[in-house]
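Take a look at the structure set out below.
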Amino acid sequence: MSHRIRDAFAKAKNEGRGAFVAYLTMGFPTIEASERAADEAIAGGADILELGVPFSDPFADGGVIRSAAYEALRNGATLNGIIALAGRLRAKHPETGIVLFSYYNPVFSMGLDAFAEAVAGVGIDAVLVVDLPLEEREELLTQLRPRGVGFVPLIAPNTPLERVQASEQGIGDSFLYVITVKGTTGERTALPPDLTERLDAIRAAVHLPIAAGFGISTRAQADEVSRHADGFIVGSALVKCVAEGRPPCLN
């Protein structure tokens with residue numbers, strides 16, 4: 001099993017900062033452009049990449065990522081194409097953690113065995129499936145574990161600590177994605193006032209690193225979150241940069 005994700009968080013901790021997890025919608029606006037954006041994100045300091053698989057009903061996502069997903073699908077982005085893209089990124093960036101971020105329908109449609117074999121074959125470190133709850137994930141984990149691929153659980157703002165602890169069991173080299181706000185993804189001018197207390201409680205209750213995401217769009221927000229978590233996740237702000245023809249970066 002690769003330890004790239006673990007090593008990324010350890011490196012960031014040794015440098016006195018939070019690990020930067022960068023989400024990008026793959027295939028937006030084209031496969032080639034999204035591959036360049038991923039390269040640029042790494043050059044801009046991303047420790048871990050989340051490669052977003054566009055889906056026709058991205059109910060967890062706000063307007064920026066939703067629009068990017070629709071355009072990517074119109075331009076022919078597919079799960080197989082994005083897995084192949086991940087393989088090219090792995091060849092260029094052998095030390096960078098790579099997480100494939102998807103809804104369950106494309107994964108299930110491909111076939112769980114075929115999907116697990118494909119992601120392992122190109123060097124993807126972990127998989128995040130937005131709409132796969134704790135009680136139903138074992139059929140996928142059964143395919144991922146033997147191939148050395150981890151799984152990233154999503155932790156909602158109202159998830160009890162006991163369920164948080166259950167969520168980290170048996171998922172390999174990974175981290176917990178702690179959602180910071182209720183609702184969909186998207187930039188926020190401010191994060192919830194009780195967020196730091198929530199992050200402190202989760203961090204104390206689990207063994208895996210935690211990274212906070214949804215709504216983080218500025219360096220100041222990232223720095224504040226990193227005082228209470230092991231990393232931060234930025235998505236909409238980076239996808240917006242790509243939409244504007246700029247390299248994805250955190251201001």
Side-chain angles (χ1 to χ4, degrees), residues 2 4-5 21-44 46 48-132 140 143-144 147-152 154 177 185 233-236 238-248:
S2 164
R4 281 180 285 255
I5 290 176
V21 183
Y23 169 93
L24 293 167
T25 302
M26 292 295 99
F28 172 71
T30 65
I31 283 288
E32 295 78 13
S34 63
E35 184 173 341
R36 287 194 300 272
D39 291 332
E40 291 166 344
I42 294 170
I48 297 169
L49 288 178
E50 281 187 349
L51 307 183
V53 177
F55 183 55
S56 58
D57 184 23
F59 60 84
D61 292 305
V64 171
I65 294 177
R66 184 179 292 265
S67 294
Y70 293 159
E71 184 169 344
L73 290 171
R74 286 194 297 270
N75 290 336
T78 65
L79 177 56
N80 281 318
I82 291 165
I83 292 172
L85 184 158
R88 297 193 295 273
L89 291 173
R90 171 57 66 227
K92 291 183 285 185
H93 308 286
E95 303 304 319
T96 300
I98 296 179
V99 176
L100 190 75
F101 184 114
S102 182
Y103 289 81
Y104 196 45
N105 184 275
V107 173
F108 187 80
S109 297
M110 183 174 180
L112 302 187
D113 181 74
F115 171 77
E117 188 69 19
V119 298
V122 299
I124 289 171
D125 298 294
V127 172
L128 189 160
V129 182
V130 180
D131 51 350
L132 188 61
L140 176 58
Q143 299 296 330
L144 296 175
R147 295 172 168 92
V149 180
F151 184 85
V152 180
L154 280 175
Y177 186 133
T185 61
I233 302 157
V234 183
S236 294
L238 303 186
V239 175
K240 184 178 178 181
C241 289
V242 175
E244 295 171 350
R246 297 185 287 126

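As a basis for the values below, the full set of heavy atoms in this structure was taken, side chains included, without hydrogen atoms, waters or symmetry mates.
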* Asked: Between Pro94 and Ala91, what is the shortest heavy-atom contact and its length?
  -> CD-O, 4.2 Å
* **Shortest non-hydrogen separation from Ser56 to Tyr70 and the atoms involved** => O-CE2, 3.4 Å
* With sequence neighbours excluded, tell me which residues meet ring pair (Phe, Tyr, Trp, His ring centres under 6.0 Å) with Phe151. => none
* Spatial distance of atom CG (Asp57) from atom CG (Asn105) [nearest 0.5 Å] -> 9.5 Å
* Asked: Does some side-chain heavy atom of Val21 sit less than 4.5 Å from a side-chain heavy atom of Tyr177?
  -> no
* Asked: Between atom CD of Glu71 and atom OG1 of Thr30, what is the distance when rounded to the nearest 0.5 Å?
  -> 9.0 Å
* Of all the heavy-atom pairs spanning Val107 and Ser102, show the shortest one and how long it is. => CG2-OG, 3.9 Å
* To do: Report the residues that fulfil side chain to side chain donor-acceptor pair (under 3.5 Å) with Glu95, sequence neighbours left out, ordered by chain and then residue number.
  => none
* Structure fact -> Residue pairs passing the side-chain hydrogen bond (donor to acceptor under 3.5 Å, both in side chains) test with at least one member in residues 72-85, sequence neighbours excluded, are none
* Asked: Of all residues at least two apart in sequence or in a different chain, which pass the side chain to side chain contact (heavy atoms under 4.5 Å, CB included) check with Ala22?
  -> Phe20, Ala41, Ala46, Leu49, Leu238
* Asked: Any side-chain heavy-atom pair from Ser34 and Thr25 closer than 4.5 angstrom?
  -> no
* Asked: Where is the tightest heavy-atom contact between Ser236 and Val64, given as atom of each residue plus distance?
  -> O-CG1, 3.6 Å
* **Side-chain heavy-atom pair Ile48, Arg4 within 4.5 angstrom cut-off** => no
* Which residues pass the side chain to side chain donor-acceptor pair (under 3.5 Å) test with Arg90, sequence neighbours left out? -> Asp125
* Asked: Would you call the rings of Phe101 and Tyr23 parallel, tilted or perpendicular, where under 30° means parallel and over 60° means perpendicular?
  -> perpendicular
* **Reported CG-to-OH distance for the pair Leu128 and Tyr103, which is rounded to 0.5 angstrom** => 10.0 Å
* Would you say the side chain of Thr96 lies within less than 4.5 Å of the side chain of Leu89, judging by non-hydrogen atoms? -> no
* Asked: Under 4.5 Å between any side-chain heavy atoms of Val234 and Pro248, yes or no?
  -> no
* Side-chain contact test, heavy atoms from C-beta onward, threshold under 4.5 Å: evaluate it for Val239 versus Arg66 and give yes or no. => no
* **Residue list, side chain to side chain contact (heavy atoms under 4.5 Å, CB included) with Ala84, at least two apart or on another chain** => Arg88
